[in-house]
Amino acid sequence: GSGDGQGQILQRFPEKDWEDNPFPQGIELFCQPSGWQLFPERNPPTFFVAVLTDINSERHYCACFTFWEAVESPQPQSHARNGEGEEEEEEEEAPAPMQPAQLFAPKSLVLVSRLDHAEVFRNSLGLIYTIYVDGLSVSLENVIGNLLTCTIPITGGAQ
């Protein structure tokens, strides 16, 4: 129809809510404020950070990196032969359907944090996007785990 749709969460980390940091409800609406629409051409990736405030007045910084993936049009388009439309005789073949138009759907990577580090968010989401687009054989779970893990040496201990 109109190309409008609803967002859907395909994967999330962590898979279950943390007690002190629940998953923001409605995040799929937030990442596409203009709505989930199909486009006839691939748009360049976009990045923005917004601040959500929860019921306890705590800030959550939401970094959103959106890119567009090719999808096939759900309905093939048809065209009239020889420009005559319905006036063609019944013996002639029905109009041949055209190939489905190439459309592009938005896909968003979202990082939610209590810390305000927009450049770190942009770089992290850019890395995840690159791994996804290049089809590298690296588990996204491992990449995200490595991005979130920070080893702090013990004072006076081994480095």
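Just so it is clear, the structure is predicted and the values come from calculations on it, not from any experiment. For reference, positions follow the sequence shown, starting with 1.
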S.K.: Could you tell me which non-hydrogen atom of Phe104 sits nearest to which non-hydrogen atom of Glu41, and how far apart they are?
M.R.: CD1-C, 3.3 Å
S.K.: Has the side chain of Ser108 got a donor or acceptor atom that lies under 3.5 Å from a matching backbone atom of Val110?
M.R.: no
S.K.: Grab the two heavy atoms, one from Thr66 and one from Cys31, that are nearest each other, plus how far apart they are.
M.R.: OG1-O, 4.2 Å
S.K.: Heavy atoms, side chains only, cut-off 4.5 Å: are Leu10 and Lys107 in contact?
M.R.: yes
S.K.: Residues two or more places apart in sequence or in another chain: which of them pass ring-ring contact (aromatic ring centres under 6.0 Å, His included) with Phe67?
M.R.: Tyr129, Tyr132
S.K.: Are Leu103 and Gln37 packed together at the side-chain level, in the sense that at least one heavy-atom pair is separated by less than 4.5 angstrom?
M.R.: no
S.K.: Please check if Leu125 and Val133 belong to a single hydrophobic cluster, counting links between Ile, Leu, Val, Met, Phe, Trp and Tyr side chain heavy atoms closer than 4.5 Å.
M.R.: yes
S.K.: Does Gln8 offer a backbone N or O that forms a donor-acceptor pair with the side chain of Trp36 under 3.5 Å?
M.R.: no
S.K.: Applying side-chain contact (heavy atoms from CB on, under 4.5 Å) between Ser124 and each of Leu147, Leu109, Val143, report the one that passes.
M.R.: Leu147
S.K.: Compare every heavy atom of Gly7 with every heavy atom of Glu28, then report the nearest pair and how far apart it is.
M.R.: CG-O, 3.8 Å
S.K.: So, taking the atom named CG in Leu127 and the one named CD1 in Ile131, what distance separates them when rounded to the nearest 0.5 Å?
M.R.: 4.0 Å
S.K.: Just wondering, more than 12 heavy atoms not from Arg12 lying within 6.0 Å of its CZ?
M.R.: yes
S.K.: Working to the nearest 0.5 angstrom, can you tell me the gap between Leu111 CG and His117 NE2?
M.R.: 11.5 Å
S.K.: Which distance, rounded to the nearest 0.5 Å, do you find between the CD1 of Ile128 and the CD1 of Ile144?
M.R.: 4.5 Å
S.K.: Looking only at heavy atoms, what is the nearest atom pair of Ser113 and Phe121, with distance?
M.R.: CB-CZ, 3.5 Å
S.K.: Between side-chain atoms of residues 45-55 and protein atoms elsewhere (two or more places apart, or another chain), which donor-acceptor pairs fall under 3.5 Å?
M.R.:
| from | atom 1 | to | atom 2 | distance (Å) |
| --- | --- | --- | --- | --- |
| Asp54 | OD1 | Asn56 | N | 2.9 |
| Asp54 | OD1 | Ser57 | N | 3.2 |
| Asp54 | OD1 | Glu58 | N | 2.8 |
| Asp54 | OD2 | His60 | NE2 | 2.9 |

S.K.: State whether the number of non-hydrogen atoms from other residues, nucleotides or ligands found under 6.0 Å of Gln11 atom CD is greater than 12.
M.R.: yes
